[in-house]
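I have placed the structure first, in the form of structure tokens, so that the comments after it can refer back to it.
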Amino acid sequence: MHIKTILYIFLLWGICFSSFAGNRKGEKEYVIVANQSLARSPEWSEVINYLCEQHEAEVVYYLNSPSEVKEKLQRLRPRYVAFVERPEQIGVQYVLRVNRMSREIDEDIYVDFRWGIITGYDAAGALRLVENAQDPLIIQSALSTTTGVKDSYFNSFALISDSKDGEVIIKKGSELEMDTLAPEQILTKFCSLYEDLNPDAIFTASHATEQNLEMPYSRGNIKSEKGKLYATLSGKQIFLKESRKPRVYFPVGNCLIGNVNNTRESMAIAWLNSADVTGMLAYVVPTWYGGGEWGTLKVWTDSHGQYSLADAFFINMQLMQLRMEEWSPAFKKLKFPHETVRNEEQMNNLLGRMMQKIVQETEIKEPTKDQLGTLYDEDVMVYFGDPKWDVHLQVMDRAKIDYHIDFQMYKKKCVLTLTTENWFDSKRELPCSFIFPYRLNRPRLVAEDSVQTVLTDDFILIYDLEPGKTYRMEIEIDK
């Protein structure tokens, strides 16, 4: 890998890629990494075989840890990796290893493949997860417990506010309803919206652990039992209705809820099992910075339908790696020592020790919150689901798309043409980005129109653009 891009944008595919899209000898686009014990289970083997058939994938097995297959992945150089494992084997350390290995396939600083963990309350649940990912999904409805998610991306939307206690906003088409509920009504309202709206996506924030999810202002809990989600209402367990509908769950502001914690009796597994969540991105540790999750949300919404959730996660991780490299190349040698943190004092002590480590190992004398937080976040997010699942936000207003990209492929050259609209913001927070339709062989930028770029074999980031202009970039490649 090597260079810089983000926001969609009409992609013109009027060209046949059959001559160019094949992998180089020995490489495989999609690889399944699985525990060797699963090969002896007929039920779990069915999950692996289904993924193999769907993606023409190769399977590699490990005995104790996914880290064992790093050399095989370096040989196969996949663009997608599915890690198949029983929940009892998945904890914080498993996720840390996968995140770190995803950046160790080649010599550069970037993440080398999009990945997801395939698991379930049982093998039947894991199989349902991958079967649900077979068909594309355009997200049109959402339920949120955070104002950080805007209704403008959805036809139907319901918000239980985390900025105004008791406020509920419901959007159906062009109609908007607002209400203020008593504290004891909030959890009941969430459950009724979950059932009546039957959303394509659920976004949450507020407090959470491996065992519970709080409503805003701690107005009641969602918990799990035997792989099912329930609320306690009037002293009774009310289980959330199962719709058997594929959906996304994005706990963008929650601590710990992605930590399976080496047990199938966890919230993460219940969301995958009874809520039929087919794609989920979450933290496995307490979150205090939030750049990983909120940054991914920004990339996802900013892409105007270009990226799947796994794509947005991939691009946001690249941006995080790039920032750390710009702060100091020594960042890549640092690994945050994630420990069990049970209170604020322990967290402050842990962060203080890492501040000292940054000072010792880099030329940075006064580390900022962004520097410490990015290092903290780089290894602690987990994506559950098939990383190749085609799930996108819908484009509600094409007039808001501020740039367009045309990518064309020739024998030994790619041409990327980027056109910015007149309303394009030259000071926009995110660069423009584009993930190539397949991995390029030793790409070199041989012609560009006065823009700053970061080019790799998988993606490009493009900076310093002006409104109302067209930029043409020629990329030479080896056949």
Side-chain angles (χ1 to χ4, degrees), residues 1-9 11 17 20-24 27-31 70 73-81 99-115 295-296 299 302-303 306-308 310-327 329 331-332 374 378 383 387-388 403 405-410 412-418 430-449 451-465 471-479:
M1 290 189 179
H2 294 171
I3 302 187
K4 288 184 173 184
T5 293
I6 230 179
L7 240 149
Y8 187 56
I9 350 219
L11 192 56
F17 288 103
F20 313 106
N23 291 326
R24 297 192 294 277
E27 296 184 5
K28 197 73 176 177
E29 181 180 65
Y30 197 110
V31 171
K70 184 173 77 171
L73 293 180
Q74 287 173 330
R75 174 176 58 83
L76 294 170
R77 297 188 75 242
R79 300 195 81 196
Y80 301 91
V81 180
N99 270 294
R100 289 168 182 171
M101 184 170 64
S102 74
R103 302 189 299 271
E104 296 172 348
I105 304 306
D106 60 24
E107 69 284 353
D108 67 26
I109 63 172
Y110 299 106
V111 176
D112 298 311
F113 51 75
R114 281 157 281 182
W115 61 272
T296 297
V299 170
D302 192 51
S303 74
Q306 178 187 4
Y307 293 143
S308 69
D311 291 340
F313 176 36
F314 179 75
I315 288 294
N316 189 55
M317 290 301 297
Q318 314 297 13
L319 295 173
M320 290 169 64
Q321 293 303 311
L322 183 61
R323 284 195 293 270
M324 288 191 290
E325 177 73 7
E326 290 172 343
W327 289 327
F331 260 98
K332 64 185 177 184
T374 302
E378 72 167 338
Y383 182 82
K388 208 172 181 180
Y403 74 82
I405 288 178
D406 171 31
F407 178 82
Q408 298 203 27
M409 183 73 205
Y410 304 95
K412 290 189 176 183
K413 182 175 70 173
C414 309
V415 177
L416 188 148
T417 305
L418 188 154
L430 293 174
C432 297
S433 67
F434 182 72
I435 299 175
F436 301 124
Y438 50 86
R439 181 168 285 138
L440 305 182
N441 188 10
R442 294 188 65 246
R444 288 92 64 191
L445 203 60
V446 294
E448 60 179 301
D449 279 344
V451 291
Q452 179 186 351
T453 60
V454 170
L455 174 67
T456 78
D457 50 9
D458 274 318
F459 66 93
I460 183 170
L461 309 175
I462 309 169
Y463 296 78
D464 298 334
L465 301 172
Y471 300 87
R472 187 177 188 274
M473 285 149 275
E474 291 187 11
I475 303 170
E476 188 177 85
I477 59 174
D478 290 350
K479 191 172 179 181

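In this text the structure is predicted, and so the values were computed from the model without any measurement.
Rounded to the nearest 0.5 Å, atoms CG (Leu322) and OG1 (Thr374) are 11.0 Å apart. The OG1 atom of Thr296 sits 12.5 Å away from atom CG of Asp302, with the distance rounded to the nearest 0.5 Å. Separating the CE atom in Met317 from the CG atom in Asn99 is a distance of 5.5 Å, to the nearest 0.5 Å. Atom CD of Gln74 sits about 10.5 Å away from atom CD of Glu107, to the nearest 0.5 Å.
In summary, of the residues considered (Arg472, Met473, Glu474, Gln408), a side-chain contact (heavy atoms from CB on, under 4.5 Å) with Leu416 occurs for Met473 alone. Remark: of the listed residues Arg100, Arg103, Arg323, Lys332, Arg103 is the sole one forming a salt bridge (charged side-chain N to carboxylate O under 4.0 Å, His left out) with Glu378.
Side-chain contact between Lys28 and Pro78 is absent, with no heavy atoms from C-beta onward closer than 4.5 Å. At least one side-chain heavy atom of Ile105 sits under 4.5 Å from a side-chain heavy atom of Phe113. Contact check for Leu76 versus Glu27: no side-chain heavy atoms found under the 4.5 Å cut-off. Using a 4.5 Å cut-off on side-chain heavy atoms (C-beta onward), Tyr471 and Leu465 make contact. By the 4.5 Å heavy-atom criterion applied to side chains, Val451 and Ile462 are counted as neighbours. Side-chain atoms of Asn441 and Asp457, non-hydrogen and from C-beta on, never get closer than 4.5 Å to each other.
Closest approach of Tyr438 to Met409, counting heavy atoms only: OH-CG, 2.8 Å. In this structure, Ile475 and Pro443 approach most closely via the heavy-atom pair CG2-CB, 3.6 Å. Taking each heavy atom of Arg439 and Asp112 in turn, the nearest pair found is NH2-O, 3.0 Å. Across all their heavy atoms, Pro387 and Val81 have their closest contact at CG-O, 3.6 Å. The two residues Gln321 and Tyr110 come nearest to each other via the heavy atoms CB-CD2, 4.5 Å. Between Phe314 and Asp458, the closest heavy-atom pair is CZ-CB, 4.3 Å.
Ionic pairing of Arg444 and Asp478 is present here: one or more N-O contacts between side-chain nitrogen and carboxylate oxygen are shorter than 4.0 angstrom. Contact check on Glu29 versus Lys388 returns a salt bridge, with a Lys/Arg side-chain nitrogen under 4.0 Å from an Asp/Glu carboxylate oxygen. A salt bridge between Lys70 and Glu104 is present, with a side-chain N of the basic residue lying under 4.0 Å from a carboxylate O of the acidic one.
Counted by atom type alone, Asn316 and Gln318 present zero donor-acceptor pairs between their side chains at under 3.5 Å.
Between Phe434 and Phe407, the distance separating the two ring centers is shorter than 6.0 angstrom.
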(request) Show your reasoning for whether side-chain contact (heavy atoms from CB on, under 4.5 Å) applies to Thr417 and Ile405. (result) CA-CA 6 Å; Thr417 305; Ile405 288 178; over 6 Å; no
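Ring geometry for Trp115 against Phe313 counts as perpendicular: the plane angle is over 60°, on a 0 to 90° scale with 30° as the lower cut.
Asp311 pairs by the side chain to side chain contact (heavy atoms under 4.5 Å, CB included) definition with Arg114, Tyr307, Ser308, Ile435, not counting sequence neighbours.
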